[in-house]
Amino acid sequence: MKRFLALLATCATILGLTGFFSPQAVAATGCKVDYTVTSQWQGGFQAGVKITNLGAPISGWKLAIAMPDAGQKLVQGWNATWSQSGSTVTAAGIDWNRTLNTGAAVEVGMVGSFTGANPKPTAYTLNGVACTGSVDETPTPDPGGDGTPVGINGQVHVCGVHLCNQYDRPVQLRGMSTHGIQWFSQCYNNASLDALAKDWKSDLLRVAMYVQEDGYETDPAGFTSRVNSLVDMAEARGMYAMIDFHTLTPGDPNYNLDRAKTFFASVAARNAGKKNVIYEIANEPNGVSWTAIKNYAEQVIPVIRAADPDAVVIVGTRGWSSLGVSDGSSESEVVNNPVNASNIMYAFHFYAASHKDSYRAAVSRASSQLPLFVTEFGTVSATGGGALDRSSTTAWLDLLDQLKIGYANWTYSDAPESSAALRPGTCDGSDYSSSGVLTESGTLLKSRISTADNFPTS
Ligand code: IDC
């Protein structure tokens, strides 16, 4: 028998069919891993790991990554259950991604530390089968000169009441907000962000990190790392990333003051060298005075400035970021008592079916006195649901375009609510580009956001 096989192999070699018999070629039908170091800093790195199953369908996958030595340590990971034993780092599928059909891929990621140089993994196995079709890449993070929003505009800053680009010219950034990343993490992956950057031509990804409701307060290190990863994924596609400290309930941001200081000290230090980061320090203050909000801002902004001196910071306003209007007040409380800091903007939020003419009037008046950014808005009612209000949404977006006020729409997610841009179930698949994945709100927003920006370049 052995002899027969040897003979067959010899014939195969002569016929140029060696691949058919070689052990590597057989193993290559098992799996492929794309391991990408998305960023690296002194002693640490972050990597995205895309696992493609080339073999039979698997329900319950486990990827073993052989690191060259045990000096490379897993710090944390996402989209999988991660562990390390000696020099082997293991990622196992979790509820929503444990099934991997033939040809299907799952994207996970990790943060690690290392000593000396940062070596690449030496081998991968998926449920014990070697993944031989694997690729290692370290992309160049600098998107400059490539025609992307960050490539063209560079580091933005506030000039008068506008946001200005590196040529000191006003720009309007138009984009989408994530849903709460504690609930919809699976919606933010390479495919969905490629679609956002390339098909939607979005300038901006707002990263909504809830503080309560199972958010940051439950796992500060994990959420900080996930935010950083999304900053990198936006950067790699030339999009701005707005880091939203999504306070909502309780409404007084001072309740989270210590958490805000800890969080922003960390993300500002980590992202100081990047051009694409904008900080939003309190999503929607409510049931609290402007004086209390201003006091919070004047304590958090110096923490950010100490680490990242040139980034724009956006301050939430009274009455769910309505410039006070939803509390019966107006923008004058801010105009008369502005936050004592430079290079800042004020947040204004609206939900088109709930907030109409009187709110638009307030924005029109305020726009000549305060730098404004619509860091969140919906096409529907303030509940995030109900019918889409096309005429109010159109009136709002026309006004913002005319005033060159940037915006982010709630939400780029497949949440089962009418404010979401993607149909329920979209994030279980890999198609984010076809028109069939969009809701009515998503279709409207994509048509608005994808029009040419015509950013000034001199
Ligand atoms: C809503 C979400 C909803 C979630 C709820 C939890 O759409 O799925 O259950 O938060 O708190 C805001 C907030 C934003 C709200 C949104 C819609 O910033 O967190 O999201 N909204 O209600 N302000 C006005 C509306």
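Counting convention: from 1, in listed order, for ligands and their atoms alike. Note that the structure is a prediction, hence the values are computed from the model and not measured.
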| task | Would you confirm whether the ring centroid of Trp410 sits within less than 6.0 angstrom of the ring centroid of Tyr351? | result | no
| field | Atom indices of ligand 1 within 4.0 angstrom of Glu417 heavy atoms, with elements | value | 2 (C), 3 (C), 7 (O), 8 (O)
| Top protein contact for atom 12 (C) of ligand 1, by heavy-atom distance | Glu376 OE2, 3.0 Å
| If you measure from atom 21 (N) of ligand 1 to every heavy atom of Trp410, Tyr351, Trp183, Phe377, which option wins on shortest distance? | Tyr351
| said: Could you report the tightest heavy-atom contact between Asn127 and Gly60, atom names first, then the distance? | reply: ND2-O, 3.2 Å
| message | Under 4.0 Å from atom 9 (O) of ligand 1, can you find at least one protein heavy atom? | response | no
| request: Please work out whether any backbone atom (N, CA, C, O) or any side-chain heavy atom from C-beta onward of Asn283 is under 4.0 Å from ligand 1, and answer side chain, backbone, both or neither. | output: side chain
| request: Give a yes or no on whether the ring-centroid distance for Tyr210 and Tyr216 is below 6.0 angstrom. | output: no
| message | I need the contact type for Trp320 against ligand 1. Using non-hydrogen atoms and a strict under-4.0 Å cut-off, is it side chain, backbone, both or neither? | response | neither
| Trp396/Phe348 aromatic ring centres below 6.0 Å | yes
| field | Closest heavy-atom pair and its distance - Ser229, Trp78 | value | OG-CZ2, 3.3 Å
| query | Okay, side chain of Asn286, backbone of Glu284: is any donor-acceptor separation there less than 3.5 Å? | reply | yes
| Please state which protein non-hydrogen atom is closest to atom 5 (C) of ligand 1 and give its distance, to 0.1 Å? | Tyr210 OH, 3.8 Å
| message | Under the criterion ring pair (Phe, Tyr, Trp, His ring centres under 6.0 Å), I'd like the reasoning laid out for Tyr407 against Phe377: C-alpha separation, chi angles, the key distance, then a yes or no. | response | CA-CA 8 Å; Tyr407 61 76; Phe377 79 94; 5.4 Å; yes
| request: Take every heavy atom of Ser419, measure it against each atom of ligand 1, and state whether any distance is under 4.0 Å. | output: no
| request: Report yes or no: do Thr411 and Ser177 form a side-chain donor-acceptor pair below 3.5 Å? | output: no
| task | Measure Thr249 to ligand 1 on non-hydrogen atoms and call it side chain, backbone, both or neither using the 4.0 Å cut-off. | result | neither
| task | Please identify which atoms of ligand 1 are closer than 4.0 Å to at least one heavy atom of Glu213. | result | 6 (C), 11 (O)
| said: Using a 4.0 Å cut-off to any heavy atom of His246, which atoms of ligand 1 qualify? | reply: 13 (C), 14 (C), 18 (O), 19 (O)
| query | Counting heavy atoms only, which of Ser326, Ser321, Ala208, Ala382 comes nearest to atom 22 (O) of ligand 1? | reply | Ala382
| said: Heavy-atom pairs closer than 4.0 Å: do any link ligand 1 to the side chain of His179, the backbone, both, or neither? | reply: side chain
| task | Would you check if the side chain of Ser434 reaches a backbone N or O of Asp431 as a donor-acceptor pair within less than 3.5 Å? | result | no
| query | If you count the atoms of ligand 1 from 1 in the order shown, which ones are under 4.0 Å from a heavy atom of Thr383? | reply | 17 (C), 22 (O)
| Does His349 have a heavy atom less than 4.0 Å from any atom of ligand 1? | no
| Side chain of Asp453, backbone of Phe455: donor and acceptor closer than 3.5 Å? | no
| Ligand-residue contact atoms, ligand 1 with Gly384, heavy atoms, under 4.0 Å | 17 (C), 22 (O)
